[in-house]
There are 2 protein chains.
Amino acid sequence: MSADSPWLTDEQQRVWRDWLQATALLPVALHAQLQADSDLSFPDFEVLSELSEVEGRQMRVGDLARALQWERSRVSHHVKRMEARGLVRREECASDGRGAQVVVTAGGRRSIERAAPGHARTVRRLMFEPLSAREVALLGEVLSGLVSRLREEDERPR
Amino acid sequence: MSADSPWLTDEQQRVWRDWLQATALLPVALHAQLQADSDLSFPDFEVLSELSEVEGRQMRVGDLARALQWERSRVSHHVKRMEARGLVRREECASDGRGAQVVVTAGGRRSIERAAPGHARTVRRLMFEPLSAREVALLGEVLSGLVSRLREEDERPR
DNA sequence: CCAAGATTGGTGATGTGTCAATCACTTCGC
DNA sequence: GCGAAGTGATTGACACATCACCAATCTTGG
């Protein structure tokens, strides 16, 4: 698979491997930190972060899905598990009978407050502090280009 | 969570979001391409790639795990599923009674041969071709630094 | 008003990944 | 040789993600 078709140059090959490695290992590191400081998984943390940023610490399922860029059903499943662990609560929505509000519980709030500082520190330590300002800027450009290509790709009728 | 503790600068915030986005969307794009050309998932593809590179297209479970940097049990589960779909076969190992060889079947070989060119094209198109040589080089440096920090992190007694 | 269609959220099935435990075999120290 | 420890691989339980589908509700054109 390396000689027959034009695969990747050696350098590209190295970069690609490192990309795969990094994208595999970073979640592991973040998960480990979250577990050390709290009982949250990374997805739990994302949900609670999003909810914590709004007035009342609650949000409709669909809005949460849009904010996180998750599928609705993923939110639904995940919220169910989080509810079972007492991190959030579901409430009926007054204005729309179909709707559901996801509300952070006191326990959920405690968890994310315990987890957040270490999480921030870990992201900074692993990802940003070792980079120069120029590197951060360039990485940003590369990633934002990549993201926009990936979004097009995603929209694309197949 | 943004004002109280020193979280991330606005720029870092943006880069971080794009990182998360990119690492979420790229697998989706690769998966879509693989499904279009073959019946393989990305992990299937990784397994078959690794196996295809060695003499006899077969490997011990543990060696496969090391090559892919997967947990043994992940390999075991995954190989079982692939075996059910006729992509690989397990064989007893002659030299070590505990061991098992994972062998690519004819069907597995057909699948990866159908999938590989499109996969390579997709990686190049999305990841590399839009980047300048300098960007590739810099991305490479950033990633390899990140990977080595993550590896240390992973070793670290906790 | 009301039937048709869209939207919201949830469910079950399936595939995937981790962890802890287990089983079978090998190796090592005596 | 032989028991203890180590190693290779599998398993089961669970967390997570996606997909296809469904029920309830809302909205809208006639």
Side-chain angles (χ1 to χ4, degrees), chain A residues 20 23-32 34-36 38-47 58-85 87-103 154 158, chain B residues 20 23-32 34-35 39-47 58-85 87-103 154 158:
Chain A
L20 292 176
T23 58
L25 291 176
L26 192 48
V28 171
L30 295 179
H31 180 74
L34 287 170
Q35 287 292 307
S38 69
D39 52 349
L40 302 178
S41 68
F42 185 61
D44 295 337
F45 182 85
E46 290 184 277
V47 168
Q58 55 184 288
M59 212 182 274
R60 291 280 296 273
V61 170
D63 296 339
L64 192 50
R66 204 160 329 101
L68 293 167
Q69 309 241 57
W70 286 10
E71 309 217 349
R72 254 182 232 288
S73 92
R74 179 178 172 187
V75 174
S76 185
H77 281 301
H78 202 89
V79 162
K80 185 202 261 193
R81 286 188 296 261
M82 290 178 73
E83 192 170 23
R85 291 190 295 134
L87 298 168
V88 296
R89 193 167 13 96
R90 266 186 244 247
E91 274 177 22
E92 290 184 4
C93 177
S95 61
D96 187 332
R98 300 163 300 184
Q101 292 283 128
V102 185
V103 192
D154 207 32
R158 241 179 313 260
Chain B
L20 293 177
T23 58
L25 291 176
L26 192 47
V28 171
L30 296 178
H31 180 75
L34 287 170
Q35 288 292 307
D39 52 349
L40 302 178
S41 68
F42 186 60
D44 294 337
F45 183 85
E46 290 185 279
V47 168
Q58 54 183 288
M59 211 182 274
R60 291 282 296 272
V61 170
D63 295 338
L64 193 49
R66 205 162 328 102
L68 293 167
Q69 308 242 59
W70 286 8
E71 310 219 348
R72 246 187 240 290
S73 91
R74 179 178 172 187
V75 174
S76 188
H77 281 301
H78 203 88
V79 162
K80 185 200 260 194
R81 289 186 295 259
M82 291 177 72
E83 191 170 24
R85 292 190 294 134
L87 298 168
V88 296
R89 193 167 14 95
R90 267 183 244 249
E91 275 177 22
E92 290 183 3
C93 179
S95 60
D96 187 333
R98 298 163 298 185
Q101 292 283 127
V102 185
V103 192
D154 206 32
R158 239 179 314 260

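Both backbone and side-chain heavy atoms feed into the values below; hydrogens, waters and symmetry mates do not.
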Check: Atom CZ of B:Arg85 and atom CG of B:Asp44: how far apart are they, to the nearest 0.5 Å?
Finding: 4.5 Å
Next item on the list: Of all the heavy-atom pairs spanning B:Val61 and B:Arg72, show the shortest one and how long it is.
Entry: CG1-O, 4.5 Å
Item checked: Which atom of A:Gln58 lies closest to which atom of A:Gln101, heavy atoms considered -> OE1-NE2, 3.0 Å
Note to self: Checking side-chain polar atoms at under 3.5 Å, does B:Arg81 have a donor or acceptor matched by the opposite partner on B:His78?
What the structure shows: yes
Notebook entry, point to check: To the nearest angstrom, how far is A:Arg66 atom CZ from C:dG9 atom C1'?
Noted result: 13 Å
Next item on the list: Taking all non-hydrogen atoms of both residues into account, name the closest pair between A:Phe42 and A:His31 and its distance.
Entry: N-ND1, 4.4 Å
Checklist line | Length of the line joining B:Arg72:CZ and C:dA21:C1', which is rounded to integer Å | finding: 15 Å
Next item on the list: Rounded to the nearest angstrom, tell me the gap between atom NZ in A:Lys80 and atom C1' in C:dG9.
Entry: 12 Å
Check: Can you check the A:Met82 CE to C:dG10 P distance for me, whole Å?
Finding: 14 Å
Check: Minimum heavy-atom separation for A:Arg90 to A:Val79, with atom names?
Finding: CZ-CG1, 3.9 Å
Margin query: For chain A and DNA chain D, what are the first and last nucleotides along the strand, 5' to 3', with at least one atom under 4.0 angstrom from a heavy atom of the protein chain?
Written below: D:dC16 to D:dC26
Using a cut-off of under 3.5 Å, enumerate the N/O to N/O pairs linking the protein to nucleotides 14-17 of chain C.
unit_1, atom_1, unit_2, atom_2, d
C:dT16, OP1, B:Ser41, OG, 3.3
C:dT16, OP2, B:Arg81, NE, 3.1
C:dG17, OP1, B:Arg74, NH2, 2.7
C:dG17, OP2, B:Arg74, NE, 3.4

Margin query: Any side-chain to backbone donor/acceptor pair from A:Glu92 onto A:Ala100? Under 3.5 Å, distance only.
Written below: no
Item checked: Phosphate-side-chain proximity, A:Arg60 and C:dT8, N/O vs OP1/OP2 below 4.0 Å -> no
Notebook entry, point to check: Does any donor-acceptor pair link the side chain of B:Arg98 with the base of C:dT26 at a separation under 3.5 Å?
Noted result: no
Note to self: Let me spell it out: for each of A:Gly97 and B:Ala100, pick the nucleotide of DNA chain D with the closest heavy atom. Which residue's pick is nearer the 5' end?
What the structure shows: B:Ala100
Next item on the list: Let me know, please, whether A:His31 or A:Val61 comes out on the 5' side of the other along DNA chain C by nearest nucleotide.
Entry: A:Val61
Margin query: I need the CD-P distance between A:Glu71 and C:dT11, as an integer number of Å.
Written below: 17 Å
Margin query: Please find the pair of heavy atoms, one from A:Cys93 and one from A:Arg60, that lie closest to each other, and give the distance.
Written below: SG-NH1, 3.6 Å
Check: Looking only at heavy atoms, what is the nearest atom pair of A:Leu34 and A:Leu40, with distance?
Finding: CB-O, 3.3 Å
